[in-house]
Every structure is written in structure tokens, then in C-alpha cells.
Amino acid sequence: MSDTHDKTQTLQTAISDHVPDGASIAFGGMGGRDPEAAAREIIRQEKTGLRVVDDARTTLFDAMVGAGCVDEYVGSWVGTSLISQGHNVRRAVEEGVPKDLTMQDVSNFGSSLMFFAGAMNVPFVPTRSMLGTDIAEHNDDIEVIDDPFGSGEPLAAVPAATPDVAIIHVQQADRHGNAHIYGNTVNDHLKVRAADTTIITCEEIVPSETIAESPELTKIPFYTVDSVVEVPFGSHPWHCYGHYYADLPFYREYGLRSQDYDEFQDWLDEWIVPHEEYLEKVGADRLARLEELEQTINGGKI
Amino acid sequence: MSDTHDKTQTLQTAISDHVPDGASIAFGGMGGRDPEAAAREIIRQEKTGLRVVDDARTTLFDAMVGAGCVDEYVGSWVGTSLISQGHNVRRAVEEGVPKDLTMQDVSNFGSSLMFFAGAMNVPFVPTRSMLGTDIAEHNDDIEVIDDPFGSGEPLAAVPAATPDVAIIHVQQADRHGNAHIYGNTVNDHLKVRAADTTIITCEEIVPSETIAESPELTKIPFYTVDSVVEVPFGSHPWHCYGHYYADLPFYREYGLRSQDYDEFQDWLDEWIVPHEEYLEKVGADRLARLEELEQTINGGKI
Amino acid sequence: MTGETDPEGDSGATNGSPLDVANPDEPADDYSLTELLAVTAAREIDDGEMAFIGVGMSLISGVLAKYTHAPRCQLVTESGYVGSRPPGVVQSISDSVLGVDSLVATDQMQIFVDNQRGLFDVGIIGAGQIDKYGNTNSTVVTGAEGSYENPKVRLPGSGGSNDIMTSCGRTIVMMRQRARAFTSELDYVTAPGYLDGPGAREEFGFPGGGPETVITDMAVFGFDEETKEMYLRSTHPGIDVEEVREMVQWDLNVDDDVETTPVPTRREVAMLRTIDPTDTVLRDTDRIYEIGFDEWADTMERNWKRLMQIEEDK
Amino acid sequence: MTGETDPEGDSGATNGSPLDVANPDEPADDYSLTELLAVTAAREIDDGEMAFIGVGMSLISGVLAKYTHAPRCQLVTESGYVGSRPPGVVQSISDSVLGVDSLVATDQMQIFVDNQRGLFDVGIIGAGQIDKYGNTNSTVVTGAEGSYENPKVRLPGSGGSNDIMTSCGRTIVMMRQRARAFTSELDYVTAPGYLDGPGAREEFGFPGGGPETVITDMAVFGFDEETKEMYLRSTHPGIDVEEVREMVQWDLNVDDDVETTPVPTRREVAMLRTIDPTDTVLRDTDRIYEIGFDEWADTMERNWKRLMQIEEDK
């Protein structure tokens, strides 16, 4: 169904309606346009037993693992990018603190293809990646098959991923869920199609007329979307192309404080609050400076 | 190699350099943004033995078949769209006039997937389309395989298409081959990647700075392109979104005159001329009116 | 039902807005057979649905639905547009008018990926031949002595019809009721109906529901839920059941409550003629050619502006 | 080679344009080990090449190449940007500075589709462990008693490294020369080097050529064309061959003409410090944190503007 009704919700309602305990989730972005506010709301609502089925994941995943929300990860890379390791992820995998985290590895291309297979409703898509390595060996879901056309070459069959929920942050969307993505798309257009349910958080809700002015940028169409939430600065402390630059010092502080589990608990107490409160704590001046930085870099693109 | 040199050529040189007799070719667009001028140049240079590996094809294919350039077609649909059948195609298949045309059918999704498989360098991509029908039966290149994950469901394995040449018409490109496509992309981004060689014809050559202003529209990147030709009105009599509307009366005349083989020969004599001469014959006023019509419809989009 | 009529006739189509026509909800007494087909197909699209439509008649029906009873339906075209409101007849699948108000401009693979995912509710396709299970042929008519390689008539091929029948929620087939078109044995199966009967689609794991309605120039057909066999649902005004039976090679089932196909309203006919002012599709005439380039261009532009005005007035 | 130095030192990095540095082609006498690595990797990228680069060091090397000897190379990042000229250090794979001047903004699948098609010349990846055939591990260190499921150290995982090693024209590996990092037996093979020796890649039909160069904090290694085994190509200034041998678990082959790794020029060092003004990558310090938000933002902005000025002046 085209579902051209108004799908707007509050962040709290979107998460409580669409993310039950035990859900499998794919998050959008990748060290840029990450739905950080939505992930914080998941932590705030104390969701448990989640299965994160994803590509490369940084802060939001590490924080969710440290908060005990996640039991399993299927994906290509975890860490917190450049300036720190994923301390909570390491603690969970290596020491079972706060609880065990099961890891299932794919390569980056593998993660794209598992969502593509899910999006196109086939059991698998073949690739040459991962052959001859332990990724195919240890990931029981990947089958090595023979080329049915008789070339004699093996192929890795990447199984379809169909997460329960995709949560994607974008620059702008209309009330029906048509979402414009400026800059790179990463795997977001695939995730919304592979998932059963999609939540879009966006910097700004715009009229459908604005969407129709640049239909080439509608990487996410309304018919794949169930919930639309306006969340300004919804990717902070990460980048949102055309809106604000990453808050590296904030991020660095996360990296340092998450080294120690108790210290990380304090970080959670301090920063896992409703989004409006979070933004107040970060401070309007600081947010404005991040917008200014991005304007200097990519000014005028949106 | 990134090949960031100047790739501009004349239409005549581009076709004579990159389209040898016997080549397999995929054309861009689909009843809109079709590289009509390039196809007329192929006819003018009397190329023979071509294998058109493609999706749905209209006028340009019908004319090439009638001119005796084509021996084989692999694709999803042939005709001349709304207002006439593909008379030359029918004559060639049904009567062998002017020569036999071998047909190999796929569905539209099948045509997308054969280029996708070629673009991603795997022998095949699986789909549910074409199963249980004579398409999979009569097309010997399609294999029906079992789901290797044991669902018991069959899948149609669509083999990779890797044509020798892709010829694509776009609104704007820079000298290195970065091409912006406004409106729909059809299968063009896949064809340039599946093909060994790509010729881009464009309404206008623009500076790379113009490309960088909207990098989301660069559906064809320079590193897949070998030749760039500026061909204003290169899709006439078809549409070019944002530039000019289709010349339906011209097209209708083609439909009527191609009903008879001798009459079609006269049409060839009249219209298979160098592109500049062709535009003069169509007439500046008429071309301007087509631009005006498109401006009324999609004004301001480019 | 009338045959060819003057397009400047009493429908009001070319005088002011089609919505201004007198007694808009009354049955039209001036409509062509093709117009009846277009209206009948349009009514199969429910408001709010995702409608996957092709060129020609199916596109016209989709556009008509959007401008009349189903303003919230969204049109999907295989070349990559979603949500467009084409202000006029669409000449090709990449017609630049499909860009008008479109919400999504993407590529063909993306559209068919979404189709296979089961995201589209209803598709409309054409066909040359059909059998009692709704399997269709739009590839080759082989004739008695021909073959796929050497057919009697080469048809255009599948286009998207195979993919739509495989995966769309439900499919509407529009075709001409010619002799040998409703056949006991298809020359070639291009798009899968219910294949050889109940359960066959499920065995293949097809995402879509298969054919739901067949609309011809004589009648409308449905499919029995149990047997998956085609049955006669209604005949068009002036056509009786026996005439239809004669044009069907197998022993056709007929609905106990077989009805007469409802005729178009005056508004629907007026709107159709605004959408196709040069009769390109609806009357299959050469008017577009006869009127010459300048008059064609003027007529097209005038009607676009009229439709856009209707949208603005809403 | 020096250790930690004052970033406001004599390199001229923070005084005016890096291209204005005195005696730009002279060897720098003030550079960090990390800066040597970045410069050595940058020099592996030839002008005009398509360079597939990841986060951190490899991105810095790519940016440096583009701003120095290879202005026509084009940077490819896995999140979907091609052709960008990032005016500063890139903090993540979707860093919005990657949008600067980028010619293509697409998606991750498209980038890896193009990679598997063999369209990219050179890739740069990182790794935790490597063996003599250039196979790398960036997934788990199991230790003596651990396993994939219960490792001693969980590393970040493949990211794009598996895909790059499988399909890129040639691959440069950057890593630290720690004990047990150059190992006879990998705990886990994340990315395929030459697997178990000559012919193995061909058997799998890999599109790419495999590892070409390994750059560590002690030395540079190549691979023998015949045996596909790693050999020592050069040692960094102040490091001798024996020191390297001690840090390699197998019996390392050494080039007859083993050299000393060329040191960075003054221009290269100055440029690096402009790209990474807050030492985020190059010196691995906490300066970014210590200086506080306002000074960080001011420093970033000042250096962006400087780099953009360099581009404009060209």
C-alpha cells in the first residue's frame, strides 16, 4: 500500500512502537548521518536482546552494547572510527561485560549484498569477496557455490538480511516518508527495502513539493517507510552532510570515558536523556559552531 | 586507470573508433534520452553484424534493423512504443528482410539484472522473474537453479551481459566523462559498467565544477567512460528530460513510412545524414518549439 | 456505446475544465470502446494504492484513476518514476511528462527490485494471447507451422509484463478479444498467470497474487478462487454472453450474476479526452499526424495547462 | 627520525602555506614515525590512478598524494564518494569533508560493484596480523586458548579490507610491526593475500592482483613475483635488517639491494601537518581533547581555509 497518510511521530513513540525487545535492527549512515539520537532513545527505553544486522558501526553501536541492549551483531566492522577503539564492544566480546556479544562477520561488500538480497527478495546474491578466507569459513550463513554456468570458479553466496527495523537519519523527508539524501547514501536505500519496518529521523520535515523538486535525491520512497520523526541534530556527535560537522572533541571524550566500565556508566547517566535535553546540554553555541564549520566546507549544498 | 584526460571526440570519430562491425552494443535511455543521433551515425557508417544486447528498444533499433546493421537482439521488448509497431523488426524476424534477425528474450527485470551481473563481475544474479514461463525455456543462457540455502524454491539465474560498447545519451557531462542524469536513469548506470567501452553523447559539455556541485547526479563516473561527444538534440525525435519534448509527429511519420520496405529506404535516404544536416532538416523553429514544450512541463529542473 | 465520434462533441472535453462538464456523474452517451476499456481498467485501481503501469492504455487508465476516484494512488513506471502526475497522454515509458511532480526518479532495476519485494499493489499489462489460467503471450504468434525462432508474428516481447505478473500484488490484463486470442494453447508463455492451475504459483514461490481481472473490448473476466479458471464477470453494453463465448476457445465459465459493464461517466470521458487530446491512444487515429506539427504542439500545450489548472484548483 | 616534536616547529607547517616552506624538496629533519609511514604510503599512489582508501592513515596518505606528487589521482571511499579533495584530516568514512569537490556521491554497493569489476588501481588497507603470503587478519586475536567466538582481542573486522584485497588492482598494507604481528600462522584470515602461494588467487578467480607492498613502522616489504613470499625491501632510517628479522616469525627474505626508506621532504611534512592540524592521526595524541572545543574548531577551520587557498592558487 502506498500509505500516503501522515506518518510523523515523536522519537519516543517511534521507538516504543516499532522497536520491541529482541528486534533485529539496521542503522543508517556510517560515521556520518548515523541515527545517534534514535540509538540513545533505544538505550533510554532500556531495550534488550537486540540483534544489530548492519554494515560498519561506530559510537551508537558501542554505546548500545555497553548499555546491555545488544546480544548479537552481524556486520562488517565495529569500532569508533579514527580516535578510539570500541571499548564496550571489546569488553562484551572478550570479557562478557555487561553481557556476551555474539559476532558474525561479513565484509563491507558482503553487508551491502545481504541487504540487497533482502531488498530484492531472493535468498542470496553471489560475489567473489570473502572466498578463500575465514569470513566465509566462520560465517555459517555464507555458502560457497559453484558457478552454475560451468566456469569452474567458486562464488560466495551472501544470504539475504531482512531486519525487523531499519532506522535511518536523513537531511529532509516529507510526512509520508519520502527522504532526500544529500552526499553519499552508504547502504541506506537497501536497508529500508530489506527491513519489515522503517523509521526515518530527519533534520527537517519538508513539504512534498520540495521532494518533487529533486526526485533524483529521493533515495528512500514513502512506500518503504512507516514512521517519520523530525530530530534536529539527530546525528550529533557525527556529521550530517550539509547541516553540521562532526563534534570530534565530544566523540573523543566518549572514547576516553568508555575505556573504563564505571566511567562509561557515568557517561550514560550524563548523556542518555531525552533528545531536547541532550541538545541543551551540548549547548546552542556549540551546535551553531558545528553548523558554521559545515557551512564553510559544504556551504550551499542543501 | 582514472583516465582524467580529455575524452571529447566528434560523433563520427567516436563511432568509427569504438564500434567495429560485429560489435555487441547496449544503448541508453528508453523512449527518452535514447542516443538516436549515435544510432543514425552507426547506420550512416554502414556497420554490419551488430549484436544489440539491451532492454526495451524503440525507433533507433527498428531503424538499424531495417538498414541491415543488426544480426541479433538480446533484450526485453522491441517496438516503437505507442503509435506504431516495429515494422522493420517484424519484417526481419518474420520474413528475413533485409536479413534474418535472431531474437533472445528476457523480461525487463532480467535485462536490468544481466547488466548488473556484468557490472559486478559475477557470472549471474538470481531472480524470481521468468520462472515457469517460456522465457526461461527458450533462452538457453538462463539457468533455473535450486536455492542453495535449501528453501526448495527455484530461482532463475540471469547470466551476465558484457557488451563491447555502451552508448548513452545524457543531459550533461564533463570532458572526462562524468555524466549527470536528470530524471530517470533506466539501466544506464549498469550498462556503462558492464560494457568494455563507453561512449557518452550529451546535450552539453560542462566544466567539472558543475559536476561537483551535484555529485549525487553523477550516475556515470569518468572511470567507466572512453569517449565524450557533445550532440545537441542527440535524442530527437525522443524526449530529453529537461531539454526538449518528444517530436511525436516526426516519430509518427517514421511509423507510417516504415510500414513499407521501399518507403523506409526513402526515409533512410532522407534522414540518415550527418547530425548537423539532420537538425537543419528538422528545422530550428521546430526544435525550439520542442524545447518550449519541455520547458512548460519540466521547466527549471536543469 | 458509440463508435467514432467527434472529439469536439457534447462531452464538454474540449470546452473549459473537464470537471466543469454538465451532469458529471451521469453515464456518458458518447464514448468510444477504447474509452470504455480505459475507464473500466481505471476503476480497478483503489485509492491509495501503488499502481505499476506500462505504456499506452494502462498508463492512461492509471492517469485517469489519479485524476478521478483515486487521487491518492501512486503511479509507478518501470523506467524509474514514482508518484508522477503526467499532464497528458504518456508517449513512452521514459516520457518526460512522467517527471511532473514525481516523488522519485530512479532506475529500472530499483523499480523491479521493489516490485519483487512485493511493494506494489496492482499492475496493468497488455497481452496478445491468454489462456484460461490467465497465462499470457506477448512474444510470438507461431501459427501452425512457425516456431519461436521463425514465428508468424513477432510481438514486442515481455517488457515488464512477466515481472509484474510474477510479483505484483494483483494484475489487470488489457487485451483485444480477437479470434484465437483466448486460446486453449498458448504459442508462448510470456507472463505467468496461474500456470497449470491451483498451487502452481505457490510452488514457484512467486511474490505476487497473479491475474485478477481481464478487460477486453467485449467483456470483463475474473478468476475463480478455487479452480483459478477464468470466468465471465460482465459483458460490455450491447454484447451478449454468447458472442463472448464464441470468441473463447475453451468452454468459458460464466458468473451466475453476470452483469453489464458499467459505462463511463461524462466526467471520465471528458477527462480522458483532456489527457489524450490528439487521440493518440484512445481512438487510434492518425489525427496526430494529420494535424501537423504546429497544431499538435499547440493542442498538447493547451491541454497540459488545463490539467495543471485542475490540479491547482483542487 | 625524531619522536614527538612541537607542531609549531621549524617545518613551517603552521606558518603560511605549506607550499611556501623553505627548501621544500630537502629531506625533513623533523618528522614523526607516523609521518614517515604516511609519506611512504602516499608515494605508492601514482598520478592519475584510482586509489581506494579507508579511514585513518590510508586516507591521510591518499589526501597527501593528491596534494603533492599525484594531483590527478582520484580518491575512492567505500561509503560512496569519488574524486573528493578533503581539506583536512578525514575523521570517518562518511566524513562530510569527503563531499568537498567530489565528482560522485553514490552508495557503498556501487563502490564495491565497481571494485569487483576491477575499476580501481590501488587500495590501501590496515591489518593487525600478516603472514608471509600477505594474508591479513583484522578480526580476532585468539591467543593460545581463545577462539573466533571467544577471542583474546576482538579487532574491528574486515570493513572493506577483504573486498579491496580480493579485487583491487594492487593493495598496500599499512600496519604496526609488533611482536606476533608478522606471524607464521594467522589466527584468522580476514583478507586474502596470496593464500597458500603461487596460483591460489587465480584458482579462485580473484579480479585483483593482491598485496604489493607492506609498510610498517620499521620497514617496507614487497612480494617475490615467483614465490609470492614477502621480502624486505627497505628499512626505515635508524633500523637495521636484524631488528626487522627479530620482529618476523618466519625466516624473512631480504632484497639483495635492501635500502633505507627515503625520508619525507619538508613539503610533505608541512602538508601533512596542515591536513591533520590537531594531530588526530599523525601523532596519536590527545591534543584534540586537551585544546577544547573552541580551539579545535578554530584550528580546523583555519587549516581548511589554508588548503582551499592552496587549491585556488594552483
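Every chain is numbered from 1 and lettered A, B, ... according to where its sequence line falls, protein lines coming before strand lines.
- The minimum heavy-atom distance linking D/Q108 with A/M30 is given by the pair OE1-CE, 2.9 Å.
- Side-chain contact annotation: A/D105 with D/T139, donor-acceptor N/O pair under 3.5 Å absent.
- A/A246 touches chain D through its backbone: at least one of N, CA, C or O sits under 4.5 Å from a heavy atom, while the side chain does not.
- Of the atoms belonging to A/S151, not a single heavy atom falls under 4.5 Å from chain D.
- Between the CD1 atom in A/I297 and the NZ atom in D/K305 there is a gap of 11.0 Å [rounded to 0.5 Å].
- To the nearest 0.5 Å, the span separating CG on A/L131 from CD on D/E203 amounts to 12.0 Å.
- For D/W296 against A/D247, the heavy-atom pair with the smallest separation is CH2-CA, 4.4 Å.
- A/T102 and D/E149 form no side-chain donor-acceptor contact under 3.5 Å, judged by distance and modelled atom types alone.
- With a 4.5 angstrom heavy-atom cutoff, A/I181 does not touch chain D via any of its atoms.
- At a 4.5 Å heavy-atom cutoff, the contact between A/E294 and chain D is made by side-chain atoms alone.
- The shortest heavy-atom contact between A/R128 and D/Q116 is N-OE1, 3.1 Å.
- At a 4.5 Å heavy-atom cutoff, the contact between D/T166 and chain A is made by side-chain atoms alone.
- Side-chain contact check for A/T185 versus D/T106: every heavy-atom pair is 4.5 Å or farther apart.
- In this structure, A/Y245 has its ring center under 6.0 Å from that of D/W304.
- Between A/V106 and D/S158 the shortest heavy-atom distance is O-CB, 4.1 Å.
- A side-chain donor-acceptor contact under 3.5 Å links D/Y81 and A/N184.
- In this structure, the separation between CG on D/D163 and CE on A/M130 is 7.0 Å, given to the nearest 0.5 Å.
- Put simply, of A/D188, A/D285, A/T127, the one with the most heavy-atom pairs under 4.5 Å next to chain D is A/T127.
- Using a 4.0 Å cut-off between charged side-chain N and carboxylate O, A/R289 and D/E301 make a salt bridge.
- Of all non-hydrogen atoms in D/A191 and A/T133, the two that sit nearest each other are C-CG2, 4.2 Å.
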